[in-house]
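All heavy atoms count here, side chains included; hydrogens, waters and symmetry mates do not. In this text the structure is predicted, and so the values were computed from the model without any measurement. Residue indices begin at 1 and follow the sequence shown.
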Amino acid sequence: MNFDLPEDQEMMRDMFARFLDANSSTARVRAAEPSGFDPALWKGLAEQGALSIRVPEAAGGLGLGLIDAVLLMEEAGRTLASGPLAEALVAARLLAQLGGDQSGLLDQVLAGETVLTLALHDLAVQPRQWVAGGLVADQVIARKGQDVVLVAVPAAARVAEENLASTPLAEIDFAALPQTVLASGDNALATFAAGVEEWKLLISAALAGLGREALKLAAAYASERKQFGQFIGQFQAISHPLADLACEVDGGKFLVWKAIRDIADGAPEAAAAVSIAIWWNNQAAARTVAQALHTFGGYGLTTEYDIFLFNLRAKAWPLVLGDPQRLLDEAGRRLYAGETAALPEAGESPIEFDLGEDARTITDEINAFFAANVTPEMRDTFHYSWEGYNPELNKKLAAANLLYLGLPKDVGGRGLSPYAKIAGMDAFEAQGYNNPAAGVSQMVALIINRFGTEELKKDVLPQIMAGEVICSLGYSEPASGSDVFAAQCRATPDGNGWRIDGTKMFTSGANLASYVLLLARTNPEVAKHKGLTMFIVPLKTQGVTVQPVYTFQDERTNITFYDGVHVPDSYRLGEVDGGVRTMSASLELEHGGGFAKYQRAMLDAGEKLCREITWRGKPLIEDAAAQARLARTTANLWVSELLTYRATWVIAEKKTNLAYGPMAKMFSSEKFLSDARDLLDLTAPYSLSKRKGPAAEINMFYRHAQGSTIYGGTSEVHRSMIAERGLGLPRTRA
């Protein structure tokens with residue numbers, strides 16, 4: 001897996017970034033109005049080699065890959081470059097591929113002396129159409145029936161017209177204009193169609209760059225503007241929507257990268273990935289610039305601030321193609337109706353989402369284990385919650401060294417890489433087996449190994465490692481929820497040990513576990529996070545009461561009461577009042593986990609049910625509206641996976657981490673919930689049934705998803721972390 005660019009691409013991106021910062025400042029963007037075209041910038045881009053990036057070397061270009069063009073477009077989007085750059089890049093490549101004796105024109109185009117742009121629709125069907133850059137273009141490449149043509153556009157045919165963002169947009173009547181046939185037939189049409197797909201990716205990248213810069217402007221303003229005596233960025237009503245959009249903007253960038261990777265790999269979903277990338281970035285950019293402008297309040301409406309420029313261009317650039325909703329419909333057809341598309345050559349791509357050979361090995365090993373050891377009766381008891389715990393299977397997994405996949409080898413775990421661990425957890429999910437008991441128990445094992453006494457290491461740790469016992473967590477309390485540092489459960493010195501008194505809420509698995517990892521207050525006189533200590537408490541100890549709390553998700557959690565519970569000092573973990581440091585040891589097991597594996601299983605169930613349900617005489621899966629909704633769920637799944645991969649990668653490769661784990665968790669849980677609701681609707685009324693099969697699965701996922709935005713810290717907590725660490729906003733929590 002790799003999210004890094006090699007040195008030469010980083011240098012190229014930095015070169016374009018510096019050039020555009022100097023030559024496409026917002027002052028220059030404003031100065032280019034009303035035409036929306038900056039001839040000096042255009043000439044400068046040509047001199048930098050920008051216009052020749054995708055032109056083959058044999059035709060005098062740089063012959064670089066799609067990722068190189070995308071990097072340029074991200075910077076162009078960030079700086080609102082004035083000119084039809086995406087269209088020109090595609091048109092120049094098409095001219096080189098199909099132009100034959102047009103080498104003289106190509107030289108002029110690459111030198112920035114002539115502007116060549118692209119008409120996106122078939123002239124035979126739509127002879128009069130809107131063209132990006134049509135106001136300043138001397139030539140336009142277009143499809144006309146079975147031909148690809150070059151249309152000379154005289155100045156008289158280029159009529160200036162006021163438009164939303166003062167871009168060089170023009171409606172051109174091609175019917176009477178002189179046209180030269182560049183090529184004809186299926187190959188020519190496929191080459192042109194591939195160019196349109198490339199345009200979709202380039203515009204997507206520009207929108208991702210634009211969206212990220214709009215977020216930066218909004219965050220900077222929210223960090224300097226005060227209201228009611230506070231920076232407005234401290235208000236969650238300001239910071240949390242921006243945190244949501246940071247996930248969507250980053251997700252859009254990664255969708256472009258995924259599409260390029262899929263094209264390079266020949267993946268069957270590559271064409272759909274292109275459609276999803278441009279649809280997603282359309283929506284994400286539009287929402288982002290609107291929220292960014294809203295952050296400025298009334299000042300955002302004035303032309304004094306630059307944010308309005310981003311607001312307008314977020315719509316002006318992509319809408320030349322038409323209604324973005326049609327792109328989601330297109331994705332649905334490509335995923336579920338067998339629609340194919342000609343795709344451009346990707347060239348070399350350093351971005352890699354493959355989890356590696358170790359991941360495939362562990363997947364095969366888990367599948368083989370389940371085939372050999374799991375009976376149909378066992379499968380009937382599987383459940384996503386603690387209710388699916390099976391003591392016999394737990395011991396067998398431990399014996400096969402498959403129970404604690406992420407636990408380091410020095411503790412006795414499998415010690416898988418973060419990438420292989422993701423694959424392993426996905427393999428368990430594919431088998432329908434989820435084991436939260438193992439996740440908690442391996443955390444406890446790690447803390448005992450790092451901070452436990454010799455007695456704990458001798459008496460408790462071996463039981464955990466052998467899969468003979470499981471552990472639960474005693475963090476949350478009735479009055480503190482996600483704020484674990486507000487714990488009031490007291491531990492006071494008592495002879496040779498400690499007396500524990502208090503209550504813990506949501507102690508899931510306490511009815512099945514032998515031990516609880518308990519966070520208790522040992523010093524109420526210091527800052528709340530400094531006066532905490534961690535203990536291992538045997539749940540059979542006198543004074544412990546476990547009371548069930550049932551949820552509508554078909555699971556049981558517990559409230560646990562500790563009334564004069566005595567534990568020896570040897571069951572203390574770490575220093576007295578050092579609970580926060582002790583708890584942090586478990587973080588090495590965290591790799592940006594989210595809910596993508598559940599989203600994938602839910603999507604699979606939704607697809608199956610849509611094939612079973614009949615709608616107006618045909619399977620529901622053949623309905624265009626159903627296809628589009630499944631495509632939207634697919635998009636959310638892909639972004640969840642990509643954000644999780646990024647979070648895993650930065651930890652595994654020790655890269656800068658800007659709240660990437662919280663982004664993966666928060667985004668995936670929110671989309672899990674919204675998509676569960678939508679798929680329940682889409683497949684109604686069948687989805688209301690708990691009938692065995694996909695209907696029961698959709699029903700179960702809907703109920704399961706309700707808690708996903710709460711588990712492991714609420715979405716609100718994670719949004720604050722994203723806002724502070726990812727966007728640089730001031731602290732939003734006391």
Ring centres under 6.0 angstrom apart (Tyr645, Tyr419):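 Between Tyr419 and Tyr645, which both carry aromatic rings, the centre distance is not below 6.0 Å.
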
Validation row, ring centre Phe428 to ring centre Phe370 under 6.0 Å: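 For Phe428 and Phe370, the ring centres are under 6.0 Å apart.
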
Nearest-0.5 Å distance that lies between atom [atom1] in [X] and atom [atom2] in [Y]:
| X | Y | atom1 | atom2 | value |
| --- | --- | --- | --- | --- |
| Ile362 | Ile422 | CD1 | CD1 | 13.5 Å |
| Lys395 | Leu403 | NZ | CG | 12.5 Å |
| Ser204 | Ile278 | OG | CD1 | 4.5 Å |
| Leu397 | Asn373 | CG | CG | 8.0 Å |
| Trp638 | Thr634 | CH2 | OG1 | 6.0 Å |

Any salt bridge between [X] and [Y], counting N to O under 4.0 Å?
| X | Y | result |
| --- | --- | --- |
| Lys618 | Asp623 | no |
| Glu352 | Arg261 | yes |
| Arg326 | Glu330 | no |
| Arg360 | Asp354 | yes |
| Asp244 | Arg287 | no |
| Glu612 | Lys608 | no |
| Arg719 | Glu724 | no |

His704 and Phe672 aromatic ring geometry - parallel, tilted or perpendicular at 30°/60° bounds: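 If you compare the ring of Phe672 with that of His704, the planes turn out perpendicular.
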
Look only at the side chain of [X] and the backbone of [Y], and say whether a donor-acceptor pair between them is shorter than 3.5 Å.
| X | Y | answer |
| --- | --- | --- |
| Gln553 | Arg703 | yes |
| Thr714 | Ile710 | no |
| Thr614 | Gly617 | no |
| Lys504 | Tyr475 | yes |
| Asn394 | Asn390 | no |
| Ser668 | Gly594 | no |
| Arg611 | Glu622 | no |
| His383 | Asp554 | yes |
| Thr683 | Tyr686 | no |
| Gln627 | Ile621 | yes |

Of the non-hydrogen atoms in [X] and [Y], which two are nearest, and what is the gap between them?
| X | Y | result |
| --- | --- | --- |
| Ile263 | Ala346 | CG2-CB, 3.9 Å |
| Ala635 | Ile276 | CB-CG2, 3.6 Å |
| Leu201 | Ala259 | CD2-CB, 3.7 Å |
| Glu198 | Pro344 | OE1-CB, 3.6 Å |

Side chain to side chain donor-acceptor pair (under 3.5 Å) between Glu477 and Thr503, intermediate numbers included: CA-CA 6 Å; Glu477 296 187 8; Thr503 305; over 6 Å; no

Over 12 foreign heavy atoms within 6.0 Å of CZ, Phe506: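 No.
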
Exceeds 12 heavy-atom contacts within 6.0 angstrom, atom CZ of Arg691: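 Counting neighbours around CZ of Arg691, 12 or fewer heavy atoms of other residues, nucleotides or ligands fall under 6.0 Å, so no.
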
Report yes if the side chains of [X] and [Y] come closer than 4.5 Å at any heavy-atom pair, otherwise no.
| X | Y | answer |
| --- | --- | --- |
| Gln283 | Pro324 | yes |
| Tyr660 | Ile651 | no |
| Asn282 | Pro318 | yes |
| Cys610 | Leu682 | yes |
| Asp329 | Gln325 | yes |
| Met443 | Leu473 | yes |
| Thr288 | Leu242 | no |
| Gln706 | Leu673 | yes |

Full working for side chain to side chain contact (heavy atoms under 4.5 Å, CB included) between Leu328 and Trp280: CA-CA 9 Å; Leu328 187 62; Trp280 183 281; over 6 Å; no

side-chain contact (heavy atoms from CB on, under 4.5 Å) partner of His718, chosen from Lys665, His240, Met663: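 Checked Lys665, His240, Met663 against His718; only one passes side-chain contact (heavy atoms from CB on, under 4.5 Å): Lys665.
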
For Trp386, the option from Asn435, Asn511, Ile470, Thr557 that meets side-chain contact (heavy atoms from CB on, under 4.5 Å):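 Answer after filtering Asn435, Asn511, Ile470, Thr557: Ile470.
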
Side chain to side chain contact (heavy atoms under 4.5 Å, CB included) between Leu255 and Val639, intermediate numbers included: CA-CA 7 Å; Leu255 283 174; Val639 172; 3.6 Å; yes

Side chain to side chain contact (heavy atoms under 4.5 Å, CB included) between Arg629 and Asp678, intermediate numbers included: CA-CA 8 Å; Arg629 287 164 74 175; Asp678 187 59; 3.0 Å; yes

Quick one about [Y] and [X] (side-chain donor to acceptor, distance below 3.5 Å, no hydrogens or angles considered), yes or no?
| X | Y | answer |
| --- | --- | --- |
| Tyr598 | Asn434 | yes |
| Arg632 | Asn636 | no |
| Thr560 | Gln547 | no |

Given Tyr389, Phe382, Phe369, the one that forms ring pair (Phe, Tyr, Trp, His ring centres under 6.0 Å) with Tyr433: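 Answer to the ring pair (Phe, Tyr, Trp, His ring centres under 6.0 Å) test with Tyr433 among Tyr389, Phe382, Phe369: Phe382.
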
Arg646 to Phe3, cation-pi by 6.0 Å centre distance and 45° axis angle: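 No, Arg646 does not sit over the ring of Phe3.
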
Salt bridge (charged side-chain N to carboxylate O under 4.0 Å, His left out) between Arg414 and Glu365, worked out: CA-CA 13 Å; Arg414 187 62 177 260; Glu365 187 177 340; 2.7 Å; yes

Identified salt bridge (charged side-chain N to carboxylate O under 4.0 Å, His left out) counterpart of Arg600 within the set Glu641, Glu697, Glu429, Glu607: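 With Arg600 as partner, salt bridge (charged side-chain N to carboxylate O under 4.0 Å, His left out) holds for just one option, Glu641.
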
Trp257 and Phe254: CA distance, side-chain angles, deciding distance, ring-ring contact (aromatic ring centres under 6.0 Å, His included) verdict: CA-CA 5 Å; Trp257 289 8; Phe254 295 149; 5.6 Å; yes

Evaluation steps, side chain to side chain contact (heavy atoms under 4.5 Å, CB included), between Leu66 and Val256: CA-CA 10 Å; Leu66 268 175; Val256 176; over 6 Å; no

